[in-house]
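So the structure is just underneath, and the comments pick up after that.
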Amino acid sequence: QVYLVESGGGLAQAGASLRLSCAASGRTFGINTMGWFRQAPGKEREFVATISWSSRTIKYADSVKGRFVISRDNAKNTVSLQMNSLKPEDTAVYYCAQDYSAAPDVVRVAAEHYDYWGQGTQVTVSA
């Protein structure tokens with residue numbers, strides 16, 4: 001079992017920045033692609049960003065490309081999401097997740113590929 005805990009969410013004004021962190025514990029060994037997803041009230045969970053174990057392969061949703069940066073520190077078993085130039089439409093609960101089955105340096109954007117999920121952290125952006 002892998003346990004993921006997100007932190008860093010909160011309230012921010014449009015144009016501001018927030019940095020989310022996800023700490024992994026438990027069975028963290030092995031190849032693991034990590035991703036961030038978000039879900040707004042009444043909407044489906046959507047892909048935000050994903051990063052391979054080596055950090056050599058990264059993919060972003062078009063809606064956040066150029067504003068958000070995903071990174072990871074394997075020695076610390078953490079993955080982060082730096083969110084810049086926040087917009088009200090970024091308001092959602094943000095989840096980190098692990099795609100354990102991904103091949104090395106392969107990233108996938110579909111939520112169904114991810115095996116373990118954190119509890120989520122709320123991000124609210126006001127106009």
Can you find a pair of side-chain heavy atoms, one from [X] and one from [Y], that are under 4.5 Å apart?
| X | Y | result |
| --- | --- | --- |
| V123 | L18 | yes |
| V64 | M83 | no |
| Y100 | V2 | no |
| S63 | K87 | no |
| N32 | Q98 | yes |

Side-chain H-bond candidate by donor/acceptor type, Y114 with T50, under 3.5 Å: yes
Any luck finding a side-chain donor-acceptor pair between R19 and S17 under 3.5 Å? no
Donor-acceptor check, side chain of T57 to backbone of D105, threshold 3.5 angstrom: yes or no? yes
Between [atom1] of [X] and [atom2] of [Y], what distance do you get to the nearest 0.5 Å?
| X | Y | atom1 | atom2 | answer |
| --- | --- | --- | --- | --- |
| M34 | I58 | CE | CD1 | 13.5 Å |
| S25 | L4 | OG | CG | 7.5 Å |
| Y94 | L20 | OH | CG | 7.5 Å |
| N77 | Y3 | CG | OH | 15.0 Å |
| H113 | D99 | NE2 | CG | 7.0 Å |
| C96 | Q119 | SG | CD | 7.5 Å |

The complete set of salt bridge (Lys or Arg N to Asp or Glu O under 4.0 Å) pairs with one or both residues in residues 65-76, sequence neighbours excluded, reads D62-K65, R67-D90
More than 12 heavy atoms of other residues, nucleotides or ligands under 6.0 Å from CD of Q13: yes or no? no
Are [X] and [Y] in one and the same hydrophobic cluster, where Ile, Leu, Val, Met, Phe, Trp and Tyr link if side-chain heavy atoms are under 4.5 Å apart?
| X | Y | result |
| --- | --- | --- |
| Y116 | L81 | yes |
| W53 | V107 | no |
| Y95 | Y60 | no |

Validation row, ring centre F68 to ring centre W36 under 6.0 Å: no
Could you report the tightest heavy-atom contact between [X] and [Y], atom names first, then the distance?
| X | Y | answer |
| --- | --- | --- |
| G120 | V93 | CA-CG1, 3.8 Å |
| P88 | S126 | CG-C, 4.5 Å |
| S80 | S21 | OG-OG, 3.8 Å |
| I51 | T33 | O-CG2, 3.3 Å |
| L86 | A12 | CD1-CB, 4.0 Å |

Exercise answer: donor-acceptor pairs, residues 42-49 side-chain atoms, under 3.5 Å, sequence neighbours excluded:
unit_1 : atom_1 : unit_2 : atom_2 : d
E46    : OE2    : R38    : NE     : 2.6
E46    : OE2    : R38    : NH2    : 3.2

